[in-house]
Structures are given as structure tokens and as C-alpha cells.
Amino acid sequence: MSAVSMYPMCVLASRGLLRLRKGVRGPLAPAVLELGRALSADKSAGGERSATGVLAQAILQERLQKQQKSQEQTPPVGEGSCDQKKNDQHEDTKQKENTAYAKKVVLRLAGIMGLGGAVGVVYIFGSNSVDEHGNKIPDEFDNDVPVIQQLKRAFKYFKDYRQMIIEPTSPKLLPDPLKEPYYQPPYTLVLELTDVLLHPEWSLATGWRFKKRPGIDYLFQQLAPLYEIVIFTSETGMTAYPLIDSIDPQGFVMYRLFRDATRYVEGHHVKDVSCLNRDTSKVIVVDCKREAFSLQPFNGMALRKWDGNSEDRTLYDLAAFLKTIAVSGVEDVRSVLENYAHEEDPIEAFKKRQAQLALEEEQRLTELSQHKKQGLSFGSIAGRFWSRKQQ
């Protein structure tokens with residue numbers, strides 16, 4: 001093919017490349033520019049390299065067509081992100097709807113179960129009591145409608161149960177005092193178990209353990225002839241009974257009272273001294289909580305809560321204090337305990353007062369001895385003077 005015949009073809013290729021330069025963006029733009037330079041070189045060189053330019057133009061057009069097809073198939077970035085957001089919002093909405101539906105189902109099931117449980121409770125606790133032969137025992141609700149009967153009996157049962165928790169099990173928690181020839185101690189000592197005589201400790205290896213306070217044996221031995229010792233604890237009997245056995249193998253504790261014997265007042269288990277069947281003027285309650293004897297505040301002593309210290313000497317001092325009251329024959333212990341009612345540590349206050357009294361007694365004895373010496377010296381002088389006068 002001659003150079004003249006190739007010229008129109010080169011012109012067409014140049015015009016095509018010009019259009020491609022204007023419309024092509026992206027990674028193929030450098031290739032288009034390079035192809036333009038090659039065609040320009042072909043024009044200047046004549047027809048020697050025109051065939052190469054035409055071939056390059058054909059290859060480039062094929063690549064451009066492929067790129068346009070891929071761009072048409074691939075959505076724009078903005079449109080894809082919008083669609084993704086819409087899909088996410090749709091999924092979130094659907095998830096919220098599923099969660100709300102699940103909550104409704106759970107609430108309905110809970111309501112059905114609660115209603116069924118209430119009906120079962122009313123049926124069980126609202127039925128008539130039966131005797132040993134299985135016969136129904138008539139009561140005051142037999143003349144009512146069956147449903148009303150069930151409701152009234154269930155209400156009465158729970159009312160009595162609540163009353164049992166709030167009130168002591170009996171208005172007389174202790175039996176009557178012993179009569180002669182048996183010996184009845186003149187005073188009654190009521191002791192708490194937890195944090196007064198024992199300290200609960202828990203560890204992962206051993207679980208719950210109770211540490212015995214130093215001086216328990218000494219306290220029991222010193223006070224057993226003078227006091228009727230009663231363990232009255234807010235613990236349950238199942239927990240406290242074996243603990244009392246472990247700390248009192250010799251049987252100094254005469255009676256044991258547990259949580260069911262307390263009076264439940266404002267969230268506290270209170271020990272009502274008036275229910276002990278003893279003269280309240282001779283009853284002393286020892287606890288680490290003032291709320292435990294709040295109904296009779298001058299019948300109690302609030303010791304500091306024991307933290308498990310093995311060097312503790314409180315029970316030894318407590319034995320001395322209580323022994324002093326008993327030996328002194330105090331008619332009403334409340335007159336003594338009232339002086340320690342507002343002390344943070346009554347035992348420490350008692351020790352300070354005892355030390356002060358001992359110091360005052362020592363000073364009194366010293367002054368008395370000095371007066372006696374002065375009286376003796378004056379008497380000796382007067383005797384000598386009298387004897388000389390007679391001579």
C-alpha cells in the first residue's frame with residue numbers, strides 16, 4: 001500500500017484518537033496519549049510505520065469497549081453506598097421488630113405462667129385442712145362460694161404465716177423458773193451467738209467456718225452459778241444448734257432460742273425481753289447490735305463486733321462486769337446498764353470507771369491511814385501528859 005493511500009487512514013486514526021483523548025479518563029488515558037504520539041510519528045515518517053499505528057488503534061478501541069462495558073455493569077460508588085445503607089437500615093428495622101416480637105412473646109408466656117402459678121397457690125393453700133383419715137375439716141368459710149372460699153383460706157394462710165415471722169413463736173419463750181429444791185440463778189443472761197461468741201469466716205477452699213472467741217469457757221464457768229445463761233440468736237436453728245454444741249460441751253447453756261423467737265421490727269430481728277417469762281429487772285441482753293434490744297434499751301449491752309482477733313479479751317472483761325453486778329446484789333440491772341447505754345464500748349467504759357474507783361479507794365485508804373497515825377500520835381502525847389499529871 002502506498003503512502004498516498006495510507007494518508008486518509010492516518011487522518012481517520014488521528015481524529016479517532018482525538019475523540020478518545022477527550023472521552024477517556026482513568027488508567028487507559030496514558031496509553032491513549034502514547035498512541036497519539038505514535039500516530040504523529042507515523043505521519044512524519046510517511047507510510048513506513050502507518051500499519052503499526054492502525055493496529056495500535058484497533059487494540060486500543062477494543063480495550064476501551066471492554067472498559068465501557070465493565071463500567072456500565074459496575075454501579076457508581078455513591079449509588080452502591082446508598083443501597084448498602086438502605087440494606088443496613090432495613091436489617092436493623094427487621095432486627096428491632098424481631099426483638100420486640102420476642103419480648104411480647106416472653107411477656108405473654110410469663111403472664112400465663114404467673115396466672116397459672118397464682119391459681120395453683122390459691123388451690124393448694126385455699127383448700128380445706130384434712131384430718132388423719134383424709135376427711136375435710138370444716139371451717140368458717142364453708143358457706144361461701146367455692147372460689148371465694150379458696151381465696152379467703154389462702155389469704156388467711158399467708159396472713160398467719162406473716163404473723164408467725166413477725167411475732168415470736170410464743171408469748172412465753174422460756175419455761176417457768178425452777179422451784180425448790182432445784183436451784184434457779186437470780187439473774188438471766190441472754191447472749192447473741194454471731195459476732196459475740198463466734199465469728200463467721202468464708203474462704204474458697206473451706207467455705208463457711210466459725211471461729212471461737214477467746215474467753216467463752218471462762219465466761220461460762222464464772223457466770224453459771226449466778227446467771228441463767230440463754231443463747232438467743234438471730235440465726236436459724238439448723239445453723240446455730242450444732243455451733244452451740246461445739247462451744248458448750250459441758251452444758252452451761254440452759255436454753256436456746258433462735259430466729260423464730262424474735263420479733264421482726266423494721267427489718268431487724270428484735271429480742272423481746274417481755275416474752276422470756278422472766279423478771280425483766282433481772283435480765284441482761286448482750287449483743288453487738290443495739291437494734292436487737294431496741295424494745296427494752298436499758299436491758300442490753302452493745303459490745304463491739306468481734307472481727308476474729310485472737311488477742312481479744314472482751315469476754316474476760318464482760319465476765320468481771322457481770323459478776324460484779326451479781327455479787328453486788330443489784331435489784332434492778334436496768335439502773336446499772338442505763339449508765340452504759342450511750343457508750344460506744346461499754347466494757348472499756350466499765351474498765352475506766354473501775355480504775356477510777358480503785359484509785360479513789362486507794363486515796364481514801366491512804367487518807368484514812370494518815371488520820372489514824374495522827375490520832376495515834378495525839379493519843380500517845382495526851383497519855384503521857386495525863387500520866388505525868390497524876391504523878
Does the ring centre of Phe321 sit less than 6.0 Å away from the ring centre of Tyr316?
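No: the rings miss the under 6.0 Å criterion.
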Can you confirm if the aromatic rings of Phe210 and His199 lie within a centre distance of less than 6.0 Å?
no
Examine distances only and state if a side-chain atom of [X] and a backbone atom of [Y] form a donor-acceptor pair shorter than 3.5 Å.
X      : Y      : answer
Arg213 : Leu197 : no
Tyr183 : Pro225 : yes
Asn299 : Val283 : yes
Ser170 : Lys172 : yes
Gln296 : Val273 : yes
Tyr227 : Val190 : no
Asp279 : Lys282 : no
Gln150 : Val122 : yes
Tyr218 : Ala319 : no
Asn277 : Leu174 : yes

Is the count of non-hydrogen atoms from other residues, nucleotides or ligands lying under 6.0 Å from [X] atom [atom1] greater than 12?
X      : atom1 : answer
Glu140 : CD    : yes
Glu360 : CD    : yes
Asn143 : CG    : no
Arg353 : CZ    : yes

Validation row: [X], [Y] side chains within 4.5 angstrom (heavy atoms):
X      : Y      : value
Tyr187 : Glu228 : no
Leu243 : Leu198 : yes
Lys212 : Asp217 : yes
Gln363 : Leu359 : yes
Leu318 : Val286 : yes
Cys275 : Pro171 : no
Pro185 : Ile229 : no
Ser234 : Glu192 : yes

Shortest non-hydrogen contact from [X] toward [Y]:
X      : Y      : result
Ala240 : Leu193 : CB-CD2, 3.9 Å
Cys288 : Asp195 : SG-CB, 3.8 Å
Leu178 : Gln184 : N-OE1, 3.0 Å
Thr280 : Arg334 : OG1-NH1, 3.5 Å

Determine, stepwise, if the pair Gln221 / Phe252 fulfils side chain to side chain contact (heavy atoms under 4.5 Å, CB included).
CA-CA 8 Å; Gln221 292 171 2; Phe252 289 114; 3.9 Å; yes
So, [X] and [Y], do they make that salt bridge, N to O below 4.0 Å?
X      : Y      : answer
Glu361 : Arg364 : yes
Arg153 : Asp144 : no
Asp287 : Lys289 : no

Working to the nearest 0.5 angstrom, can you tell me the gap between [X] [atom1] and [Y] [atom2]?
X      : Y      : atom1 : atom2 : result
Ile325 : Leu223 : CD1   : CG    : 10.0 Å
Met301 : Tyr340 : CE    : OH    : 8.0 Å
Glu266 : Ser294 : CD    : OG    : 8.0 Å
Leu226 : Leu189 : CG    : CG    : 10.5 Å
Ile247 : Leu219 : CD1   : CG    : 10.0 Å
Asp332 : Glu338 : CG    : CD    : 9.5 Å

Are [X] and [Y] close enough that a side-chain donor and a side-chain acceptor fall under 3.5 Å?
X      : Y      : value
Glu331 : Ser281 : no
Ser310 : Lys211 : yes
Thr366 : Ser369 : no

Trace of the side chain to side chain contact (heavy atoms under 4.5 Å, CB included) decision for Leu191 with Phe220:
CA-CA 11 Å; Leu191 294 171; Phe220 290 164; 3.9 Å; yes
Just do the salt bridge (Lys or Arg N to Asp or Glu O under 4.0 Å) check on Arg304 and Asp312 with the steps written out, would you?
CA-CA 11 Å; Arg304 284 187 173 180; Asp312 183 79; over 6 Å; no
For His269, the option from Tyr264, Phe293, Phe258 that meets ring pair (Phe, Tyr, Trp, His ring centres under 6.0 Å)
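The ring pair (Phe, Tyr, Trp, His ring centres under 6.0 Å) with His269 is passed solely by Tyr264 among Tyr264, Phe293, Phe258.
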Pair Thr324-Phe350, side chain to side chain contact (heavy atoms under 4.5 Å, CB included): steps then yes or no
CA-CA 11 Å; Thr324 301; Phe350 167 73; 4.1 Å; yes
Decide yes or no on side chain to side chain contact (heavy atoms under 4.5 Å, CB included) for Leu257 and Ile231, but give the supporting numbers first.
CA-CA 6 Å; Leu257 299 174; Ile231 297 291; over 6 Å; no
